[in-house]
Novice: 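One structure, pasted below without further comment.
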Number of protein chains: 2
Amino acid sequence: MRNALRRYVPMLEWGRAYDRTALSNDLIAAVIVTIMLIPQSLAYALLAGLPPEAGIYASIVPIMLYAVFGTSRSLAVGPVAVVSLLTASAVGQVAEQGTAGYAVAALTLAFMSGGFLLVLGIFRLGFLANFLSHPVIAGFITASGLLIAASQFKHILGIEAEGHTLLEIVASLLSHIGQTNILTLVIGVAATAFLFWVRKGLKPLLLGLGLGARMADIATKAGPVAAVVVTTLVIGLGGLDGAGVKIVGTVPQSLPPFTLPSFSLDLLRDLAVPAVLISIIGFVESISVAQTLAAKKRQRIDPDQELIGLGAANIGAAFTGGYPVTGGFARSVVNFDAGAETPAAGAFTAIGLAIAAVALTPLVYFLPKATLAATIIVAVLSLVDFSILRKTWAYSKQDFAAVAATILLTLTMGVEIGVASGVILSILLHLYKTSRPHFAEVGLVPGTQHFRNVLRHKVKTDPSLLTLRVDESLYFVNARFLEDLIQNRVSEGCEIKHVVLMCPAVNEIDFSALESLEAINSRLTDLGVGFHLSEVKGPVMDRLKTSHMLDVLNGEVFLSQYDAWSKLSPRHGVNAAE
Amino acid sequence: MRNALRRYVPMLEWGRAYDRTALSNDLIAAVIVTIMLIPQSLAYALLAGLPPEAGIYASIVPIMLYAVFGTSRSLAVGPVAVVSLLTASAVGQVAEQGTAGYAVAALTLAFMSGGFLLVLGIFRLGFLANFLSHPVIAGFITASGLLIAASQFKHILGIEAEGHTLLEIVASLLSHIGQTNILTLVIGVAATAFLFWVRKGLKPLLLGLGLGARMADIATKAGPVAAVVVTTLVIGLGGLDGAGVKIVGTVPQSLPPFTLPSFSLDLLRDLAVPAVLISIIGFVESISVAQTLAAKKRQRIDPDQELIGLGAANIGAAFTGGYPVTGGFARSVVNFDAGAETPAAGAFTAIGLAIAAVALTPLVYFLPKATLAATIIVAVLSLVDFSILRKTWAYSKQDFAAVAATILLTLTMGVEIGVASGVILSILLHLYKTSRPHFAEVGLVPGTQHFRNVLRHKVKTDPSLLTLRVDESLYFVNARFLEDLIQNRVSEGCEIKHVVLMCPAVNEIDFSALESLEAINSRLTDLGVGFHLSEVKGPVMDRLKTSHMLDVLNGEVFLSQYDAWSKLSPRHGVNAAE
């Protein structure tokens with residue numbers, strides 16, 4: 001009982017060893033992360049189409065729940081760019097932005113996503129996330145980054161625009177470009193340029209001034225805060241909000257409110273697919289970050305417990321005015337670099353943000369939306385990385401096809417179709433490839449007991465003995481291929497008296513392949529040709545023994561190919577003497 | 001040019017060698033098959049919800065087109081039970097039975113199915129049919145057989161009933177059972193009992209009377225004809241059609257008419273999924289029969305050319321008053337047993353059926369529908385074989401799950417959902433299995449150069465050297481598994497200085513797995529542990545050389561695991577001396 005509790009509540013483990021050093025390290029990290037998170041939370045709420053406070057609320061209770069249930073010592077949970085985009089795309093299809101229904105739909109999405117993650121975690125189904133291949137994720141993140149950046153241009157220009165695909169967004173921007181507000185544009189461009197400079201130029205400068213590498217890193221993360229403070233002061237002191245610069249405006253001074261998601265069946269049905277998608281993409285992003293950071297300190301991450309931690313965080317978001325959250329890359333790295341030792345750092349961050357929500361929200365009244373858009377654009381463009389196309393092209397055309405399709409379809413058809421197509425295409429290409437497996441006719445390497453491909457090596461062969469090595473598990477997708485292969489080879493070579501199927505790379509023989517082997521055996525028996533197996537793996541052999549294949553097999557099962565060669569090749573003695 | 005023509009028109013090949021012996025054999029086979037096909041064609045049209053003549057028309061032009069384009073010498077193309085059921089299910093969703101729209105929808109389905117098969121054939125995509133595993137096909141055929149038999153009970157009882165699932169059909173039968181026509185029931189039960197006896201009892205009787213086995217076989221196939229003749233005479237001479245026994249009635253005396261499918265976009269969209277399904281199921285049934293018969297005479301079947309042959313046959317059906325067709329099992333076996341040597345036998349059968357369509361149709365006016373239903377029931381119940389459940393249960397729970405789901409969902413949710421679920425489940429279970437591959441820690445078998453599982457064999461190991469053999473291709477679905485596996489093993493064993501990944505069963509390393517290997521290498525480097533590969537296959541090594549994995553690898557790639565052991569195990573000299 002206590003062990004079960006400890007398994008599901010990792011806090012009980014690290015909480016026992018918590019001491020003063022850990023406390024002071026966690027506190028310092030929390031202060032730094034809090035300062036970074038205030039503008040980021042406001043910005044991602046804007047991206048998700050929600051009021052700015054939703055971003056802050058989504059960072060408070062979720063981060064605390066993750067601290068209790070999560071296994072990563074450094075992960076910082078909250079709104080992230082890609083999940084915010086997915087939220088905007090999903091909720092935008094069922095409600096109008098700015099309405100109460102929109103906010104409720106976002107809560108519902110968080111609730112469903114949390115429930116789905118919890119179920120996956122409890123039933124230990126985390127492996128489902130593996131269906132997203134690395135190239136598909138990389139392609140999806142790159143395309144999403146572009147989509148997000150494009151969607152923020154309207155705030156830089158101070159115009160209205162909408163759309164879920166790159167084409168729609170660009171067309172909408174162009175049709176409204178005449179209404180560009182010059183002052184907004186100036187602020188937006190200046191903030192963007194400043195933030196790019198902070199990212200690229202500030203760190204070398206600080207290092208040159210003698211600052212430590214870690215402090216320089218942290219200082220560059222404070223760039224968005226500086227941009228927020230300066231542009232807010234410019235608008236507020238200059239009284240420029242009357243000049244058409246859109247500002248954040250009144251943000252309620254409040255702790256996270258108690259909210260309820262909707263349980264309307266129609267809404268649940270409409271949001272089911274996006275909820276699954278958000279859960280899996282959020283989980284993959286989060287677990288990648290968590291594992292990378294854990295490996296640096298030789299800590300362990302339990303993927304199934306991570307699902308429970310993220311599930312709890314999302315359900316927390318649903319009941320406290322937030323929207324779907326996950327472990328974010330940038331914030332977690334800052335947390336790690338700032339010295340966070342335990343999830344308590346997250347809890348302290350939550351307290352910091354709660355104080356900000358109550359005390360600091362009036363200060364962002366004059367904050368221009370263009371500044372928030374600039375922080376988003378600079379953040380997401382660092383995610384855009386087309387080198388995955390070059391890398392996969394060089395290594396595997398199959399992976400290239402999956403990544404290219406993901407990027408293209410995400411940009412042109414939207415995020416959901418894009419990522420779904422990438423996953424389906426990866427699976428189909430994998431099945432296609434295994435449906436035509438690599439195989440080799442093998443012969444004996446003189447002076448050894450090894451058998452190698454007759455086309456790649458100088459080996460001894462015997463025309464009465466055909467030995468085929470199939471380099472793939474035998475299962476329904478390639479069962480017919482094997483039948484065709486052997487039938488063709490035997491019909492070509494009239495001298496063949498024995499066929500040996502060499503199986504060191506056959507990791508599975510499923511029922512379809514078993515029936516194919518029986519069909520091959522029966523056809524070869526009719527032709528008076530012996531059919532043998534060699535080097536069958538233990539687990540595969542165990543399985544074969546439960547069938548009647550071994551009873552009907554007209555030949556033998558040899559432990560090694562050399563045994564088969566010794567017994568079946570009549571010229572073997574002569575060759576051995578050569 | 002001539003070769004291309006010969007590839008796409010196999011008739012040019014066998015036609016050149018056609019002689020008098022082949023002609024007489026083909027003619028005899030054609031007469032026998034024609035007699036068998038007349039009642040069968042009428043019955044399957046009834047099953048498809050079409051007027052009886054549609055079954056005859058669907059056997060004339062399609063069989064001739066297949067004779068020109070197909071590669072099987074024995075396959076007989078025409079309406080078959082499962083495809084007729086699928087047609088009824090698909091067309092029933094877009095039109096009312098008995099209306100002109102229903103017949104046009106059936107033509108359209110044949111046209112789309114033909115077009116899809118042609119496209120698959122021209123682009124050589126026949127491998128797609130491999131996604132249907134043997135157990136899924138077996139389960140689907142069994143469940144379809146039950147559904148078809150159930151759907152025919154209304155004709156035996158002489159009542160109305162409908163439904164696409166077993167439950168719907170049974171409920172509908174029960175609610176109308178009070179209207180049972182006793183005379184129809186007597187005829188139906190008598191015909192069914194007679195046909196079962198012909199199937200089970202007649203052949204031993206004929207053999208006992210000294211008839212040859214082949215003739216006895218053919219005589220039993222004539223059972224349906226006898227049932228048709230006798231019951232038609234009973235109704236006609238007894239004047240019983242006035243007593244409520246439903247009869248076939250007027251069938252037009254005509255050659256196949258020229259008809260046009262509909263090109264309405266709505267209809268094409270509604271029928272697209274069923275057309276794909278019918279094409280693939282029809283193709284799989286047809287190619288299995290063709291390959292089985294070809295193997296008996298050492299002939300070859302070209303699957304991609306078969307797609308073209310079946311595609312042409314279906315397009316022919318669409319323009320001549322038919323409906324979707326494929327190569328049928330029963331009729332092909334009869335054709336083969338009756339001695340057909342070339343596809344010309346099919347062409348002669350078509351001529352025989354054309355004569356029947358013009359001359360014999362008035363004779364079936366009094367044929368009771370109950371007799372046709374009896375022939376269908378007896379034919380399809382021979383397809384029902386639940387032993388696949390027992391066999392797969394014994395051999396592989398994974399295959400059992402796929403076949404059980406296919407049977408259950410086909411019976412309860414209908415044919416389309418049933419077979420689609422079977423296919424998807426097979427693929428998901430395969431991916432799940434490969435996502436948690438079998439792996440083994442291996443050691444040296446004393447006195448040899450072989451390495452075996454430490455748990456299964458008495459082998460020598462070295463605590464500073466961890467050798468893992470993973471028995472699966474490394475790809476995105478199991479990339480993370482490998483990372484976890486090595487991280488866990490290394491964090492357990494502090495003495496480990498070197499990790500060797502033994503790859504004789506790794507048939508592929510995709511881009512995701514490549515990145516995982518790089519991540520493992522970088523983590524092990526941080527821990528001061530060497531990371532090596534051994535026994536990497538040729539094609540996998542060729543691929544790895546195009547990446548920079550081999551540059552960053554902190555260890556070596558060994559040709560054999562024994563080389564790795566010799567070099568990396570410091571105690572090796574001592575052990576070797578033991």
Side-chain angles (χ1 to χ4, degrees), chain A residues 127 129-136 291 295-296 298 300 303 391-392 394-396 398-399 426-427 430-438 453 456 471-473 475-481 483-484 487-488 491 504-505 507-508 510-512 514-516 519 523 526-527 537-539 543 546-547, chain B residues 127 129-136 291 295-296 298 300 303 391-392 394-396 398-399 426-427 430-438 453 456 471-473 475-481 483-484 487-488 491 504-505 507-508 510-512 514-516 519 523 526-527 537-539 543 546-547:
Chain A
F127 74 93
N130 298 343
F131 286 14
L132 277 173
S133 74
H134 294 200
V136 167
Q291 274 184 331
K296 295 194 182 187
R298 300 191 194 179
R300 287 207 53 205
K391 287 186 204 155
T392 50
Y395 184 72
S396 148
Q398 186 178 328
D399 281 310
S426 310
I427 293 174
H430 170 72
L431 294 177
Y432 174 69
K433 192 161 179 184
T434 56
S435 81
R436 303 184 174 194
H438 180 261
N453 192 336
R456 285 182 176 241
D471 296 343
E472 192 61 69
S473 291
Y475 74 116
F476 62 97
V477 165
N478 57 30
R480 199 184 299 283
F481 173 89
E483 290 185 47
D484 290 348
Q487 194 158 344
N488 292 349
S491 69
N507 302 310
E508 190 203 347
D510 81 348
F511 192 78
S512 301
L514 178 74
E515 293 198 326
S516 286
R523 287 174 200 161
D526 288 349
L527 299 173
K537 284 166 182 272
R543 178 71 66 80
T546 69
S547 75
Chain B
F127 74 93
N130 297 343
F131 286 15
L132 277 174
S133 73
H134 293 199
V136 167
Q291 275 184 329
K296 294 193 183 186
R298 300 191 194 178
R300 286 206 55 204
K391 287 186 204 155
T392 50
Y395 184 72
S396 150
Q398 185 177 329
D399 281 311
S426 309
I427 293 174
H430 170 72
L431 293 176
Y432 173 69
K433 192 160 181 187
T434 57
S435 81
R436 303 186 172 193
H438 180 262
N453 192 337
R456 283 182 178 242
D471 296 343
E472 192 63 68
S473 291
Y475 74 115
F476 62 96
V477 165
N478 57 30
R480 199 184 300 284
F481 173 90
E483 290 185 48
D484 289 350
Q487 195 158 345
N488 292 350
S491 69
N507 303 307
E508 190 203 346
D510 82 348
F511 192 79
S512 300
L514 178 74
E515 293 198 327
S516 286
R523 287 173 200 161
D526 288 350
L527 298 173
K537 282 166 186 272
R543 179 71 67 81
T546 70
S547 75

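All heavy atoms count here, side chains included; hydrogens, waters and symmetry mates do not. By convention in this document, chain letters (A, B, ...) are assigned in the order of the sequence lines, proteins followed by strands, and residues within each chain are numbered from 1.
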Novice: Is it the side chain or the backbone of A:Asn453 that comes within 4.5 Å of chain B heavy atoms, both, or neither?
Specialist: neither
Novice: So for B:Lys391, is it side chain, backbone, both, or neither that comes closer than 4.5 Å to the heavy atoms of chain A?
Specialist: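 For B:Lys391, heavy atoms of backbone and side chain both lie under 4.5 Å from chain A.
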Novice: Is the side chain of B:Asp471 donor-acceptor paired with the backbone N or O of A:Asn507 at a distance under 3.5 Å, no angle test?
Specialist: no
Novice: May I ask you to name which of B:Phe511, B:Phe481, B:Tyr432 has the most heavy-atom pairs under 4.5 Å with chain A?
Specialist: B:Phe511
Novice: Of the listed residues (A:Asp510, A:Asp484, A:Val136), which shares the most heavy-atom pairs with chain B below a 4.5 Å separation?
Specialist: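 Heavy-atom pair counts peak at A:Asp510.
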Novice: Of all residues at least two apart in sequence or in a different chain, which pass the side chain to side chain donor-acceptor pair (under 3.5 Å) check with B:Asp399?
Specialist: B:Ser396
Novice: Under a 4.5 Å heavy-atom cut-off, does chain A meet the side chain of B:Leu514, its backbone, both or neither?
Specialist: side chain
Novice: Can you tell me how the ring of B:His430 sits relative to the ring of A:Tyr475, calling it parallel under 30°, perpendicular over 60° and tilted otherwise?
Specialist: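 Ring orientation of B:His430 relative to A:Tyr475: parallel.
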Novice: Please determine, among A:Ser473, A:Gly538, A:Ser547, the option with the most heavy-atom pairs under 4.5 Å with chain B.
Specialist: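 The residue among A:Ser473, A:Gly538, A:Ser547 with the greatest pair count is A:Gly538.
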Novice: With only heavy atoms counted, which part of B:Asn478 is less than 4.5 Å from chain A, the side chain, the backbone, both or neither?
Specialist: neither
Novice: Which region of A:Arg480, side chain (C-beta onward) or backbone (N, CA, C, O), has a non-hydrogen atom less than 4.5 Å from a non-hydrogen atom of chain B, or is it both or neither?
Specialist: side chain
Novice: Let me know if A:Tyr395 has heavy atoms under 4.5 Å from chain B in its side chain, its backbone, both or neither.
Specialist: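 Both the backbone and the side chain of A:Tyr395 come within 4.5 Å of chain B.
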Novice: Check each atom of B:Pro539 against the heavy atoms of chain A and say whether the ones under 4.5 Å are side chain, backbone, both or neither.
Specialist: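 Both parts, backbone and side chain.
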Novice: Taking all heavy atoms of A:Pro504 and all of B:Ala505, pick out the closest pair and write down the distance.
Specialist: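 Of all heavy-atom pairs spanning A:Pro504 and B:Ala505, the closest is O-CB, 4.0 Å.
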Novice: Could you look at B:Arg456 and say if it's the side chain, the backbone, both or neither that has a heavy atom under 4.5 Å from chain A?
Specialist: side chain
Novice: Do you know which of A:Gln398, A:Lys433, A:Glu483 has the most heavy-atom pairs under 4.5 Å to chain B?
Specialist: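 Maximum pair count with chain B is reached by A:Lys433.
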Novice: So, for A:Phe131 and B:Phe476, which heavy atoms are closest and what is the spacing to 0.1 Å?
Specialist: O-CE1, 3.4 Å
Novice: Which atoms of A:Pro135 come close to chain B, meaning under 4.5 Å heavy atom to heavy atom: side chain ones, backbone ones, both, or neither?
Specialist: both
Novice: What part of A:Pro303 gets within 4.5 angstrom of chain B, counting heavy atoms only: side chain, backbone, both, or neither?
Specialist: side chain
Novice: Quick one: what part of A:Thr434 sits under 4.5 Å from any heavy atom of chain B, side chain, backbone, both or neither?
Specialist: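 When you check distances to chain B, no heavy atom of A:Thr434 falls under 4.5 Å.
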